[in-house]
Amino acid sequence: MKQLHPWPGSVAEAEAVQDRLRGEVELSGPDSFALVAGLDVHYRGDDALTAAVVVLDGGTLEPVEEVVAHGEAAFPYVPGLFAFRELPALVAALERLTVTPDLLVCDGYGLAHPRGFGLACHLGVLTGLPALGVGKTPFVGTHEPPGPERGAWTPIVHEGATVGRALRTQREVKPVYVSQGHRISLDVATDQVLRLTPRYRLPEPVRRADHLARHPS
DNA sequence: GCGACAG
DNA sequence: ATCTTGTCGC
């Protein structure tokens with residue numbers, strides 16, 4: 001795990017961190033994953049928050065390990081700098097795992113970001129693990145609506161480049177927005193999100209992490 | 001210049 | 001993200 005510090009104290013410093021780490025992102029990697037982790041954070045008013053990580057068997061989607069870490073928002077909410085709010089708590093939760101996941105499925109964006117370095121890229125570079133981002137609402141770029149069938153997708157284009165995909169994970173259900181985080185291709189990221197959504201709109205690991213963060217044991 | 005803007 | 005009732009559907 002890379003060091004988090006020095007922690008940015010301003011918007012300019014945070015943007016500089018992103019611009020510096022962006023060069024370390026790798027856009028290709030493995031195409032199958034034995035252990036898949038979902039990450040999410042739940043806010044409990046003020047600055048208090050709970051980060052949850054749930055690791056699933058990549059084949060059966062059965063849970064393998066669940067951890068939580070309580071903390072506080074580490075930065076004000078600024079679109080594009082969202083990662084700095086949640087990173088310390090998410091990293092603390094990851095450090096509590098006794099297993100090492102082979103893929104991180106993050107709640108938010110990766111490459112599809114104003115500076116090409118969203119939360120999924122940041123977590124991937126810090127941990128060195130393959131990572132992808134799944135957003136619930138559009139952020140940067142433009143895209144056509146994908147067809148109504150599960151598996152249909154359209155490219156998200158930002159400043160002339162494809163930075164992600166709008167992907168229909170269930171028939172007639174709003175698409176999710178998939179982007180590369182680290183050490184993964186867009187094709188593999190898309191394939192993984194589909195594998196992880198047998199029933200619901202959002203990937204199973206993220207759904208489970210969301211539930212755990214809301215209802216810690 | 002102004003508004004919009006992941007969670 | 002969160003504040004919140006009812007309602008529709010499996």
Side-chain angles (χ1 to χ4, degrees), chain A residues 8 11 14-15 17-19 21-22 25 37-54 68-94 104-126 131-143 148 150 155-159 162-167 169-182 186 189 193 197-203 205-216:
Chain A
V11 164
E15 290 178 344
V17 170
Q18 293 181 330
D19 289 338
L21 293 180
R22 179 176 48 202
V25 168
L39 296 78
D40 195 26
V41 166
H42 183 246
Y43 289 79
R44 321 192 148 281
D46 292 336
D47 280 350
L49 52 79
T50 300
V53 179
V54 174
V68 298
H70 301 287
E72 37 189 76
F75 206 80
Y77 174 67
V78 179
L81 301 179
F82 160 67
F84 291 96
R85 283 179 81 65
E86 306 189 342
L87 270 174
L90 286 170
V91 166
L94 286 170
L104 304 180
V105 181
C106 308
D107 193 357
Y109 283 89
L111 216 59
H113 172 277
R115 276 170 304 284
F117 196 77
L119 174 66
C121 297
H122 210 140
L123 274 167
V125 167
L126 287 181
L132 66 86
V134 178
K136 297 184 284 291
T137 61
F139 188 26
V140 297
T142 59
H143 64 89
R150 167 173 155 85
I156 299 171
V157 177
H158 181 56
E159 294 175 348
T162 294
V163 294
R165 288 175 182 168
L167 174 66
T169 56
Q170 299 298 333
R171 183 186 177 111
E172 310 268 309
V173 166
K174 278 195 303 179
V176 299
Y177 304 89
V178 179
S179 57
Q180 291 155 278
H182 184 51
L186 188 50
V193 171
T197 49
R199 174 103 168 91
Y200 299 103
R201 178 187 179 222
L202 295 178
V206 171
R207 292 186 63 251
R208 287 191 181 258
D210 176 87
H211 184 93
L212 179 59
R214 288 174 192 273
H215 312 285

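Quick note on labels: first sequence line is chain A, next is B, and so on, each numbered from 1. This one's a predicted model, so the numbers in the text were calculated from it and none came from an experiment.
Regarding A:Y177, its OH atom lies at a distance of 15 Å from the C1' atom of B:dG7, rounded to whole Å. To the nearest angstrom, P of C:dT2 lies 11 Å from CG of A:L49. Taking atom CD on A:E172 and atom P on C:dC10, their separation rounds to 13 Å, with Å as the unit. Remark: P of C:dA1 and CZ of A:R85 are 12 Å apart, rounded to the nearest angstrom. The separation between A:R214 atom CZ and B:dG7 atom C1' is 11 Å, rounded to whole Å. The interatomic distance linking A:D47 (CG) with C:dA1 (P) rounds to 17 Å, in whole Å.
Between A:F82 and A:Y77, the two ring planes are perpendicular [angle over 60°; tilted spans 30° to 60°]. Relative ring orientation between A:H122 and A:F117 is described as tilted, the plane-to-plane angle lying within the 30° to 60° band. Using a 30° and 60° split on the angle between ring planes, A:F139 and A:Y109 fall in the tilted class, from 30° to 60°.
Taking the nucleotide of DNA chain C with the nearest heavy atom to each of A:R199 and A:D210, the more 5' of the two is matched to A:D210.
Looking only at side-chain heavy atoms (C-beta outward), A:L212 and A:V53 stay at 4.5 Å or farther from each other.
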Would you list the protein and nucleotides 2-6 of chain B atom pairs, both N or O, that sit under 3.5 Å from each other?
residue: B:dA6; atom: OP2; partner: A:Y77; partner atom: OH; Å: 2.8
residue: B:dA6; atom: N7; partner: A:G80; partner atom: N; Å: 3.2
residue: B:dA6; atom: N6; partner: A:G80; partner atom: O; Å: 3.0
residue: B:dA6; atom: N6; partner: A:F82; partner atom: N; Å: 3.3
residue: B:dA6; atom: N6; partner: A:H113; partner atom: NE2; Å: 3.4
residue: B:dA6; atom: N1; partner: A:L119; partner atom: N; Å: 3.3
residue: B:dA6; atom: N3; partner: A:Y109; partner atom: N; Å: 3.2

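The side-chain hydrogen bond (donor to acceptor under 3.5 Å, both in side chains) search around A:R22 returns A:D19, not counting sequence neighbours.
Across all strands shown, A:R44 has no heavy atoms under 4.0 Å from either base or sugar-phosphate atoms.
Ion pair A:R207/A:D40 not flagged as a salt bridge, since none of the NZ, NE, NH1 or NH2 atoms sits closer than 4.0 Å to an Asp/Glu carboxylate oxygen.
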